[in-house]
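Here is the structure we will look at.
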Amino acid sequence: MAKNDLLGGALWDAYSSKVAARMDNPKYLGTLSQEDADAKGAKLIIADYGAESCGDAVRLYWLIDPKTDRIIDAKFKSFGCGTAIASSDMMVELCLGKTVDEAIKITNIDVEKALRDDPETPAVPGQKMHCSVMAYDVIKKAASLYKGVDMASFEDEIIVCECARVSLGTLKEVIRINDLKTVEEVTAYTKAGAFCKSCVKPGGHEEREYYLVDILAQTRAEMDDEKLKTQADKSASGELGFNEMSMVQKVKAVDKVIDDNIRPMLMMDGGNMEVIDIRSSSDGHTDIYIRYVGACAGCASSSTGTLFAIESVLQQKLDSSIRVFPV
């Protein structure tokens with residue numbers, strides 16, 4: 001059966017080609033034995049980590065040079081979905097050649113970004129984003145076994161959802177990458193809050209320091225502030241495109257073009273105009289609704305030649321998507 005028959009074409013299209021390739025032909029799937037370690041003078045580490053909440057598990061094999069703490073070979077076995085296999089495969093690739101201390105810094109976001117075809121497009125559909133979380137944990141489990149310390153000692157991230165092992169940093173990153181707007185979307189993309197739900201909002205069975213509702217609100221506020229700052233910087237430098245402007249900026253830009261190029265022409269004949277509304281249409285146009293006053297209100301050309309002239313000036317000065325309608 002073809003993948004498109006099994007998954008549905010639309011869902012399959014949401015996976016990057018790198019993910020698809022590693023689902024079918026993972027490069028590092030396999031095992032390493034003590035004999036392999038002895039042949040290379042290395043220490044064998046076998047780490048297991050399971051996400052019981054979603055039924056996936058991964059086993060990571062490392063061969064480490066004890067003189068340099070460098071990972072000289074690595075394999076994995078995954079007991080999970082295709083996305084978990086692809087994520088585990090990329091996780092192993094990122095570990096290879098690094099020291100244990102360097103490998104500890106690899107996160108599930110690093111794994112997901114490495115699987116992208118395009119830096120701006122997520123590698124997997126939102127509902128499968130959580131499958132890369134195990135990579136973040138199994139590395140720390142392997143490092144803890146090698147160093148003989150508790151796994152928690154490597155935790156420099158704040159874990160918000162203990163059930164799905166999702167960190168504060170991961171949540172903020174996923175919200176930003178995918179422009180998430182609701183807690184339900186956050187849960188769909190990360191699985192945070194999908195199980196015991198105590199991390200969703202205050203009032204659950206367990207008190208938490210961080211809640212999804214607050215993290216989402218704070219991250220959205222940060223994104224809005226950054227967007228406004230970017231718009232302000234572009235506006236100051238003259239680089240801000242009309243379609244990038246806020247509605248207030250669009251109104252000001254339209255008024256300026258009208259004052260400079262259109263209103264003087266109308267006033268010469270005893271007329272004038274005012275902008276009643278500006279709307280973004282579903283087909284990508286910006287629709288500007290105007291009202292004629294004075295002599296223009298009863299002019300026969302106000303709905304033909306004059307209207308065409310006003311629309312042409314606004315299109316030339318601001319954006320070709322502008323349409324003008326009299327009311």
Are [X] and [Y] ion-paired here, with the side-chain N under 4.0 Å from a carboxylate O?
X      : Y      : answer
Arg176 : Glu226 : yes
Glu93  : Arg22  : yes
Asp137 : Lys141 : no
Asp69  : Lys98  : no
Asp283 : Arg323 : yes
Glu112 : Arg116 : yes
Glu173 : Lys113 : yes
Asp89  : Lys27  : no

Of all heavy-atom pairs between [X] and [Y], which one has the smallest distance, and what is that distance?
X      : Y      : value
Ala192 : Thr187 : O-OG1, 2.9 Å
Ser281 : Asp287 : CB-OD2, 3.6 Å
Val100 : Lys147 : CG1-CE, 4.0 Å
Cys95  : Ile71  : O-CD1, 3.7 Å
Val213 : Pro202 : CG2-CD, 4.4 Å
Val160 : Arg208 : O-NH2, 2.6 Å

Supply the atom-to-atom distance [X] [atom1] to [Y] [atom2], rounded to the nearest 0.5 angstrom.
X      : Y      : atom1 : atom2 : answer
Leu307 : Cys299 : CG    : SG    : 11.5 Å
Phe76  : Ile85  : CZ    : CD1   : 6.5 Å
Arg220 : Thr182 : CZ    : OG1   : 10.0 Å
Tyr28  : Met90  : OH    : CE    : 8.5 Å
Thr170 : Ile175 : OG1   : CD1   : 10.5 Å
Asp65  : Asp73  : CG    : CG    : 12.5 Å

Can you tell me if [X] uses its side chain to pair, donor with acceptor, with the backbone of [Y] under 3.5 Å?
X      : Y      : value
Arg291 : Val327 : no
Asn178 : Val174 : yes
Glu102 : Thr99  : yes
Glu244 : Gly241 : yes
Asp36  : Ser33  : yes
Lys140 : Ile104 : yes
Gln249 : Ser246 : yes

Between [X] and [Y], is any pair of side-chain heavy atoms under 4.5 Å apart?
X      : Y      : result
Thr190 : Leu171 : yes
Val166 : Ile159 : no
Asp38  : Leu44  : no
Met223 : Thr219 : yes
Cys199 : Tyr210 : no
Ser321 : Asn243 : yes
Leu63  : Lys43  : no
Thr121 : Asp117 : no

*asked:* Given the ring of Tyr289, does Arg279 sit roughly above its face, with NZ or CZ under 6.0 Å from the centre of the six-membered ring and within 45° of the axis?
replied: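 Because its charged atom sits under 6.0 Å from the ring centre and within 45° of the axis, Arg279 does stack over Tyr289.
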
Taking atom [atom1] of [X] as the centre, does the number of heavy atoms from other residues, nucleotides or ligands within less than 6.0 Å exceed 12?
X      : atom1 : value
Met267 : CE    : no
Lys317 : NZ    : no
Met268 : CE    : no
Gln34  : CD    : yes

Is it true that [X] and [Y] fall in one hydrophobic cluster, defined by side-chain heavy atoms closer than 4.5 Å?
X      : Y      : result
Ile45  : Val149 : yes
Leu266 : Phe325 : no
Tyr49  : Val111 : yes
Val324 : Phe242 : yes
Phe79  : Ile46  : no

*asked:* Show, in sequence, the C-alpha distance, side-chain angles and deciding distance for Thr83 and Tyr15, and conclude whether the side chain to side chain contact (heavy atoms under 4.5 Å, CB included) test is met.
replied: CA-CA 9 Å; Thr83 305; Tyr15 289 86; 3.2 Å; yes

_Derivation of the side chain to side chain contact (heavy atoms under 4.5 Å, CB included) call for Ile139 and Trp62_ = CA-CA 10 Å; Ile139 289 174; Trp62 276 352; 4.1 Å; yes

*Check the pair Lys77 / Val58 against side chain to side chain contact (heavy atoms under 4.5 Å, CB included), numbers first and verdict last.*
CA-CA 6 Å; Lys77 296 282 281 185; Val58 63; over 6 Å; no

_Any side-chain donor near an acceptor of the partner, Gln315 and Asp319, under 3.5 Å_ =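 Checked: Gln315/Asp319 side chains show no N/O donor-acceptor pair below 3.5 Å.
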
